[in-house]
Every structure is written in C-alpha cells, then in structure tokens.
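Numbering of ligands and ligand atoms starts at 1, following listing order. One is the number of the first residue; the rest follow in order along the sequence.
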Amino acid sequence: MRKIIIDTDPGQDDALALMTAFGARRELQVLGVTCVAGNVPLDLTSLNALKICELSGCSDIPVYKGSAAPLKRKLVTAEHVHGKTGLDGTDLQVKKKEVEVTNAVDFIIQCIEKYRDEKITICALGPLTNLAKVLKKNPSVTESIEEIVLMGGGFFEGGNITPAAEFNIYVDPEAAKIVLKSGVKITMLPLDVTHKTLVPRDFLQKLRRSGKNSALEAAKLLDFFERYDVEKYGSKGGPLHDPNVIVYLLNPEIYNGKLVNVEIEVKSELTSGMTVVDWWNVTSRKPNVYYINDVNEDEFFNIVLSKVLNLEI
Ligand code: BDR
Ligand code: CA
C-alpha cells in the first residue's frame, strides 16, 4: 500500500481530495495531513482539515499545522473563491479532534526518515511553503521521497489568479522554485488538466442520493464552490482541481503528460508565479517535471465518486 502525506489548504476542492484519499483505504495509507496557509489563513485551513477528517470518519488521521505565511511574501488568500471560512456551503463543526503539537514541517521530515526504506509520496494541494521548508531544513530527505505529486501551475490555460499564474504557485513562487529544483521526482497536475474536470450535474445528484452524510456534505461544498467559476468563466461546472492529485496516484493510466523542464518566474511583477513549461523542448534545460495535460474526465469522476461513497459515514 502506498504511504502518503497530504499537504493542503482546505478549500472545498482540497476537502474532496482528502475524502477521495480517505475512501481509498485499500490503495493509500494517509500518514498525516499537513496544513499550510493558502485559500484561507492557517488557523482556518487547519480547522477545515480537522472538520473533513471527522466528517469522513477518519479522526485517527493526525493533522499538523505548518506555515502561516509564504517564505518571502505577504500571504494572498482566495476567499473570493472558497468563501470566508474556506469551506463555505456547509456548517461543519469539530467535535473532539485537535491538531497535533508537532509542526507540519518537522512531522514531514520525521515521517520521511521513519519510512526511508519504503519511501513516502507527498501530495501537495496548496502553496509549497511547507515542502520548501522541509527541503531547506534537511536537504538529504530528497533521497527518501518516492515522489511529489502536486496541483499547481498552468501553461496552455494561463493563470487563474493573474493572467500568467495559477494560485498555488503564485502565493509562494520562491517555495515552488525550491521544490522544482530539488531533484525529487515531481508530477504536476496544472490548470491545463484540472480545467477539464468540471463537476457534472449527475455527479452531484449521485452524491446527494447516496444517503451518506459525508457525500451529502461534499455535494453542499461543491454547490458553493462552482458558483464562482460558472459565473466568472461561464463554464458548465466548477473545476475539481485537487482531487486530480489523488486520482493520479490511484489510476495514472487515465492521464497523459510529458517529462519536461518547468521553471518558476520569481522576479517579474507582471508574470510572478508563472510556470514556464518547455513543452516543445526548445531549451537545453533539464527535464524536472512530469507535466500532465490530459485526463479521461468520465473515469476521473467515477473514481472520485466511488472513493467518496466508500467512506464509512
Ligand atoms: C488551486 O488553488 C486553490 O484555490 C485550490 O484549492 C487549488 O489547490 C487551484 O488553482
Ligand atoms: Ca488547494
């Protein structure tokens, strides 16, 4: 069974990614959920991670608080997309569960060292601040990480927070640069693929009709989440970004991509946080990222649905 850590900033689509991973009990062992500031400030992303663990009947999975701000910049948040709480659309409460005392960065390092022989995979669903700190604090961990699979970036689709940049990379481009230069095997699921996974109506109906509380709450989250994209882009549904990371781990054969060089723009004011993808191999820069640009979206939604409905409550 693949051992993973999920680094995240919930967010409704992060919540669905967590639920998909929790529902994949036979394929994935979630060692911990580490939180970072992004969609909303750190106190809220951590609280939201606790809420989703309890909602999913996974209170035993530990949640850790990490970075409250990017490495060098002021935090930019996305309440305009996710609402004030980050999980608008629901009114979830935390009954018992609390965050662990260990910091997220230390937990990730300890975990990588503990499972050095098996090698763990890190799923990154938010700004890459925690991971950059891990790599800076203990550079030798790179040898013991199986893979970093991250949602971030965009090239053919442009950006969603500026014309050039995708939100997760834009919030902390210096951190993204450190991660991409680390030499660890990296798979990136950018907007080029996540904009193809637009939530279909019948997917929401199936969640609602399942009679399970977790699925019902997931549908409420997605109802809220999609209003932004539908209004702004006129798209047929909200793009379910972050679950792509989990579904990629479960069924990589439904995705297509290419091993390419990706660099992060950190200097320009106009294009800060842009992922510059050498798709046509026009430079001599070394490939460092498996860059995904296509998915079978019907299969994607079947997998998310089956894993969410696999949750016990
Ligand atoms: C990414 O930014 C956040 O708003 C989402 O949770 C996702 O991780 C998409 O650009
Ligand atoms: Ca996210």
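- Counting only residues at least two apart or on different chains, the salt bridge (Lys or Arg N to Asp or Glu O under 4.0 Å) pairs with a member in residues 114-123 are Lys3-Glu118.
- Panel note: side chain Asp278, backbone Thr283; a donor-acceptor pair is recorded below 3.5 Å.
- A side-chain donor-acceptor contact under 3.5 Å links Asn288 to the backbone of Leu180.
- The number of protein N, O or S atoms lying under 3.0 Å from the Ca ion (ligand 2) is 5.
- Side-chain heavy-atom separations under 4.5 angstrom define the hydrophobic clusters, and the remaining members of the one that includes Tyr170 are Leu75, Val76, Ile161, Phe167, Val171.
- Note on ring orientation: taking the six-membered ring where Trp is involved, the planes of Tyr248 and Tyr290 are tilted (angle from 30° to 60°).
- Atom OG1 of Thr77 and atom NE2 of His82 lie 10.0 Å apart (nearest 0.5 Å).
- Relative orientation of the His195 and His241 rings is tilted, given thresholds of 30° and 60° on the angle between their planes.
- The OG1 atom of Thr275 lies 7.5 Å from the CZ atom of Phe155; values are rounded to the nearest 0.5 Å.
- Sorted by chain then number, the residues whose non-hydrogen atoms approach ligand 1 to under 4.0 Å are Asp13, Asp14, Asn39, His82, Leu125, Met151, Asn160, Glu166, Phe167, Asn168, His241, Asp242.
- Here the CD1 atom belonging to Ile4 is positioned 4.0 Å from the CD1 atom belonging to Ile6, to the nearest 0.5 angstrom.
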